[in-house]
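Just so you know, these numbers use all the heavy atoms, side chains as well, and skip hydrogens, waters and symmetry mates. No experiment lies behind these values; they were computed from the predicted model shown. In each ligand, atom 1 is the first atom listed, and ligand 1 is the first ligand listed.
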Amino acid sequence: MSGKKKALVTGVTGQDGAYLCQLLLSQGYEVHGLVRRSASADVIDSRLRWLNIVSDIQVHDGNLTDISGLIRVVREVEPDEVYNLAAQSFVKSSWQQPLLTGNVTGLGAVNMLEAVRLEAADARFYQASSSEMYGAIQSPIQNENTPFYPRSPYAAAKLYAHSMTVNYRESFGMHASSGILFNHESPLRGIEFVTRKITDGVARIKLGLQHKIALGNLDATRDWGHARDYVRAMWLMLQQEKADDYVVATGRTTSVRDFCRLAFDHVGLNFEDHVVVDPRFFRPAEVDVLLGDPSKAREKLGWESECPLEQLVSEMVEADLERIGNRTGR
Ligand code: NDP
Ligand code: GDP
């Protein structure tokens, strides 16, 4: 017996999984990750490699849609803490794949809750809930008491998973917490999300590889923070004596247009010369504004968002310049 605390993380190959594992390792945890089988096994752990932690994590084959596999993994690992980060996480794709999104993002979370209830009922559980659940916002600033109004199959699936997490806490006394996280980004953000699409495009334009970026709705606003800060909030939630739900946000909202302006300013270019609007990137139903109130997380967890948006944008643009420069020799 190592005496170390054991954490099991689903979605370990994603943005948050990578940063969370880095944090848990720095706290002395034995870290286990659930990884779904892929024919591209050589590239799937690129984020863990970027953070130089791939060999420090014990990987287990499994898929959120396969409860028998989840039960097996939880039984083998005997975790003290379980972080359920895996999901079909891209809102736009959820209209193309509503049932898959429901299966993975919604029912998959319940599969995980069930596996933990059956095999490790004392383990602490974290569910990755989302500000997308507020959708057509019912209050200008959203906190834990704001009613939800999902606007996409993704948001509806997340709301089901969130409600079930609360239900398992109330029904079975499980230490199950839900973090309602507003958008958070980093150099490890998936390329299809708007922030990374912009910073990748800015780097390509600066290096002379392309001239334009095609985007959808430039008027949408989001409360954008840094993923590294946000995984700290996840961990803090599971260190509390009582499980609860928390909004995690910066309290500042910025339009996609202003994000473009900041990213192009960073390399001395004018965004209006390079950004074009393409209706292909509009959504069947839009979430126009998100702005979170993180007061509860600040008061109860002592959590603060530390990275200002300007610093986040610079870090992302610099990382893309380096990544593309290395690949193309520019
Ligand atoms: P990513 O899209 O970067 O990562 C998603 C992870 O889920 C990947 O590791 C992916 O594996 C895994 N996954 C997908 N489907 C399955 C499946 N069927 N079985 C097992 N694993 C699967 O998301 P983020 O890291 O950005 O987000 C983490 C979580 O937080 C997600 O649940 C997301 O919805 C939620 N969230 C994110 C926010 C954000 O702004 N980033 C805001 C609020 C909530 P693979 O590598 O094989 O694709
Ligand atoms: P989301 O908040 O989880 O949907 O995160 P995204 O980064 O995918 O989208 C944030 C906002 O940017 C949404 O309101 C989108 O409509 C808007 N947006 C504008 N253009 C684009 C685009 O080209 N790609 C993406 N992904 N979003 C875009």
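- Each of R196, R189, K197 was scored for a salt bridge (charged side-chain N to carboxylate O under 4.0 Å, His left out) with D320, with one residue passing: R196.
- By the 3.5 Å distance cut-off applied to N or O atoms, W224 is not counted among the residues near ligand 2.
- Relative to atom 2 (O) of ligand 1, the option among G179, S89, A109 with the closest non-hydrogen atom is S89.
- Summarising the geometry, atom OG1 belonging to T195 is positioned 3.5 Å from atom CD belonging to E185; distances are rounded to the nearest 0.5 Å.
- For ligand 1, the atoms lying closer than 4.0 Å to a non-hydrogen atom of N183 are 40 (O).
- Polar contact check, L218 against ligand 2: no nitrogen or oxygen pair lies under 3.5 Å apart.
- Both the backbone and the side chain of F193 come within 4.0 Å of ligand 2, judged by heavy-atom distances.
- At a 4.0 Å cut-off, not a single heavy atom of E132 sits close enough to ligand 1 to count as contact.
- By the 3.5 Å distance cut-off applied to N or O atoms, A87 is counted among the residues near ligand 1.
- In this structure, the protein non-hydrogen atom closest to atom 29 (C) of ligand 1 is L85 O, 3.1 Å.
- Closest to atom 17 (C) of ligand 2 by heavy atom, among V275, V277, N217, is N217.
- Neither the backbone nor the side chain of S131 comes within contact range of ligand 1; no heavy atom lies under 4.0 Å.
- Nearest to atom 26 (N) of ligand 2 among the protein's heavy atoms is E192 O, 2.9 Å.
- In terms of N/O distances under 3.5 Å, ligand 1 is approached by R189.
- By the 4.0 Å heavy-atom criterion, T10 is excluded from the residues contacting ligand 1.
- If you check which protein heavy atom lies closest to atom 4 (O) of ligand 1, you get G14 CA, 3.4 Å.
- Atom CZ of R169 sits about 11.5 Å away from atom CD of Q127, to the nearest 0.5 Å.
- One option in V289, V91, V194 has a heavy atom closer to atom 7 (O) of ligand 2 than any other, and that option is V194.
- For the 3.5 Å distance criterion, the side chains of Q239 and E81 qualify, holding a donor opposite an acceptor.
- Under the 4.0 Å criterion applied to side-chain N and carboxylate O atoms, E304 and R232 are not assigned as salt-bridge partners.
- At the shortest separation from atom 20 (N) of ligand 2 among protein heavy atoms lies G216 N, 2.8 Å.
- In this structure, D122 places its CG atom where only 12 or fewer heavy-atom neighbours from other residues, nucleotides or ligands lie under 6.0 Å away.
- Taking 4.0 Å as the cut-off between side-chain N and carboxylate O, K92 and E286 do not count as a salt-bridged pair.
- With ligand atoms numbered from 1 in the order given, ligand 2 contributes 14 (O) to contacts under 4.0 Å with heavy atoms of A220.
- For the residue pair T101 / S94, no side-chain donor-acceptor distance below 3.5 Å is found, with atom types taken as modelled.
- Remark: D244 engages K296 in a salt bridge, criterion side-chain N to carboxylate O under 4.0 Å.
- Atom 20 (C) of ligand 1 has as its closest protein heavy atom L64 N, 3.7 Å.
- For atom 25 (O) of ligand 1, the closest non-hydrogen atom of the protein is D16 N, 2.8 Å.
- Ligand 1 does not have A18 within reach: every non-hydrogen atom of the residue lies 4.0 Å or more from it.
- Looking only at protein heavy atoms, the nearest one to atom 47 (O) of ligand 1 is R36 NE, 2.9 Å.
- Annotation: atom 16 (O) of ligand 2 to nearest protein heavy atom, E286 OE2, 2.6 Å.
- Of the N or O atoms in N183, one or more lie within a sub-3.5 Å distance of an N or O in ligand 2.
- The protein atom (non-hydrogen) at minimum distance from atom 4 (O) of ligand 2 is R283 NH1, 2.6 Å.
- Using a 3.5 Å distance cut-off with no hydrogens or angles, the side chains of D245 and H162 do not pair a donor with an acceptor.
- For atom 30 (O) of ligand 1, the nearest non-hydrogen atom of the protein is A128 CB, 3.4 Å.
- With respect to atom 13 (C) of ligand 2, the closest heavy atom belonging to the protein is R222 NH2, 3.4 Å.
- Ligand 2 has an N or O atom lying under 3.5 Å from an N or O atom of E132, backbone or side chain.
- In T105, neither the side chain nor the backbone holds a heavy atom less than 4.0 Å from any atom of ligand 1.
- Judged purely by distance below 3.5 Å, without hydrogens or angles, the side chains of H32 and E30 pair a donor atom with an acceptor atom.
- A salt bridge links R257 with D219; the closest basic N to acidic carboxylate O contact falls under 4.0 Å.
- Aromatic rings of H274 and H211 (six-membered ring for Trp) have centroids within the 6.0 Å cut-off, being under it.
- Using a cutoff of 4.0 Å between basic side-chain nitrogens and carboxylate oxygens, R261 and D265 are not scored as salt-bridged.
- A donor-acceptor pair shorter than 3.5 Å can be found between the side chains of S129 and S178.
- A salt bridge is absent between E318 and R323: the closest approach of a Lys/Arg side-chain nitrogen to an acidic carboxylate oxygen does not fall below 4.0 angstrom.
- A distance of 12.0 Å separates CD of E132 from OG1 of T105, quoted to the nearest 0.5 Å.
- In this structure, F193 does not count as a contact residue of ligand 1, since none of its heavy atoms falls inside 4.0 Å of the ligand.
- Relative to atom 3 (O) of ligand 1, the option among R222, Q15, R47 with the closest non-hydrogen atom is Q15.
- Atom 21 (N) of ligand 1 has its closest protein heavy atom at A86 CB, 3.4 Å.
- Residues H226 and S186 bring no donor and acceptor atom of their side chains to less than 3.5 Å of each other.
- S68 and D66 are linked by a side-chain donor-acceptor pair at a separation below 3.5 angstrom, with hydrogens and angles left out of the test.
- Of all the heavy atoms of V104, the ones lying under 4.0 Å from any atom of ligand 1 belong exclusively to the side chain.
- Here is the list of ligand 2 atoms found below 4.0 Å of a heavy atom in F90: 8 (O), 26 (N).
- Protein heavy atom nearest atom 23 (O) of ligand 2, with residue, atom name and distance: K197 NZ, 2.7 Å.
- Using the six-membered ring where Trp is involved, F264 and F271 have ring planes that are tilted, between 30° and 60° apart.
- When the heavy atoms of W224, Y230, Y154, F182 are ranked by distance to atom 36 (N) of ligand 1, first place goes to Y154.
- Remark: minimum distance from atom 44 (C) of ligand 1 to any protein heavy atom is reached at S129 O, 3.4 Å.
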